[in-house]
Participant: 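Encoded as structure tokens, here's the structure I'll be asking about.
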Amino acid sequence: GAGVSQSPSNKVTEKGKDVELRCDPISGHTALYWYRQSLGQGLEFLIYFQGNSAPDKSGLPSDRFSAERTGGSVSTLTIQRTQQEDSAVYLCASSSPNHPQAGANSYEQYFGPGTRLTVT
Amino acid sequence: TQLLEQSPQFLSIQEGENLTVYCNSSSVFSSLQWYRQEPGEGPVLLVTVVTGGEVKKLKRLTFQFGDARKDSSLHITAAQTGDTGLYLCAGEGEANFGNEKLTFGTGTRLTIIP
């Protein structure tokens with residue numbers, strides 16, 4: 001079956017412009033996450049959607065960052081007035097507690113290939 | 001705030017050697033996962049450990065969850081070039097039990113030299 005897809009794969013933008021990054025999660029997965037990864041290091045949590053609950057926005061670095069998830073499926077991460085420090089790989093993941101590997105309190109996150117954002 | 005520190009940050013060894021990567025925290029986690037990420041791709045789950053003291057083996061990879069569920073290790077025996085990648089640990093906090101949010105570690109970049 002199809003995995004998590006993200007578009008575009010690469011985005012180069014000028015400082016001050018707005019960008020939109022898209023994530024298509026695995027069909028049926030109720031949870032969706034956005035992370036940021038700089039210089040191939042660890043993942044920085046940005047935002048988490050779970051079903052119809054209010055999203056956990058605790059990781060968004062500033063009010064220039066926002067995300068939506070329409071119809072419980074596709075999500076868009078928007079960065080307004082981009083800055084050079086926004087340059088990174090933005091990863092999306094989805095998960096479902098009904099996955100076979102999930103135990104009583106563990107969930108596998110399936111990641112997309114990421115969008116590499118470069119702000120010049 | 002729960003933090004997961006991984007060590008070493010970078011590791012480069014010869015093919016055939018053994019190695020251990022560590023994931024440490026001052027917080028207790030209800031479960032801990034290990035992911036491997038290759039260039040241009042997203043992380044892929046290797047294993048999930050749930051019980052304190054649990055040991056899981058995946059071919060040449062051995063994963064251990066600390067008794068207190070605050071730390072974990074990944075040991076690779078007879079490393080191969082295909083093991084090269086970024087290894088990430090990720091914990092599900094006790095405070096987040098039932099919530100799918102994970103805290104990711106700082107990562108260990110492993111390079112196996114032929």
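What you are looking at is a predicted structure, and each value in this text was computed from that prediction instead of being measured. Throughout, protein chains are lettered first and strands after them, A, B, ... in sequence-line order, and every chain is numbered starting at 1.
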Participant: Report yes or no: do A:Tyr110 and A:Phe49 belong to one cluster of Ile/Leu/Val/Met/Phe/Trp/Tyr joined by side chain heavy-atom distances under 4.5 Å?
Facilitator: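 They do not share one cluster, since no chain of ILVMFWY contacts under 4.5 Å joins A:Tyr110 to A:Phe49.
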Participant: Nearest 0.5 Å, what's the CD-CD distance between A:Gln109 and B:Gln33?
Facilitator: 7.0 Å
Participant: Given that the side chain runs from C-beta out, which part of A:Leu91 has a heavy atom under 4.5 Å from chain B: side chain, backbone, both or neither?
Facilitator: side chain
Participant: Treating Ile, Leu, Val, Met, Phe, Trp and Tyr as nodes and any side-chain heavy-atom pair under 4.5 angstrom as an edge, say whether A:Phe111 and B:Val44 lie in one connected cluster.
Facilitator: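 A:Phe111 does not cluster with B:Val44.
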Participant: Hey, is CZ on B:Arg36 packed in by over 12 heavy atoms from elsewhere, all under 6.0 Å?
Facilitator: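 It does: B:Arg36 CZ has more than 12 such atoms within range.
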Participant: Answer with side chain, backbone, both or neither: which region of B:Phe10 has an atom nearer than 4.5 Å to a non-hydrogen atom of chain A?
Facilitator: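 Side chain only.
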Participant: Select one option (side chain, backbone, both, neither) describing which atoms of A:Ser53 are under 4.5 Å from chain B's heavy atoms.
Facilitator: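 Answer is neither: A:Ser53 stays 4.5 Å or more from chain B.
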Participant: Would you say CD of A:Gln83 has more than 12 non-hydrogen atoms from neighbouring residues, nucleotides or ligands within 6.0 angstrom?
Facilitator: yes
Participant: Do A:Tyr90 and A:Tyr48 land in one hydrophobic cluster if side-chain heavy atoms of ILVMFWY residues count as linked below 4.5 Å?
Facilitator: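 In one cluster with A:Tyr90: A:Tyr48, no.
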Participant: Working to the nearest 0.5 Å, report the span between CG of B:Leu88 and OH of A:Tyr35.
Facilitator: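 Here the rounded value is 10.5 Å.
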Participant: What's the separation between atom CG in B:Leu102 and atom OG in A:Ser95, rounded to the nearest 0.5 Å?
Facilitator: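 OG of A:Ser95 is found 8.0 Å from CG of B:Leu102.
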Participant: Where on B:Gln6 is there a heavy atom nearer than 4.5 Å to chain A: the side chain, the backbone, both, or neither?
Facilitator: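 Nothing of B:Gln6, per the 4.5 Å heavy-atom cut-off to chain A.
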Participant: For chain A, which candidate among B:Gly105, B:Pro43, B:Gly107, B:Cys89 shows the most heavy-atom pairs at distances under 4.5 Å?
Facilitator: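 Looking at each of B:Gly105, B:Pro43, B:Gly107, B:Cys89 in turn, B:Pro43 comes out on top.
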Participant: Can you tell me if A:Glu14 has over 12 outside heavy atoms packed within less than 6.0 Å of its CD?
Facilitator: no
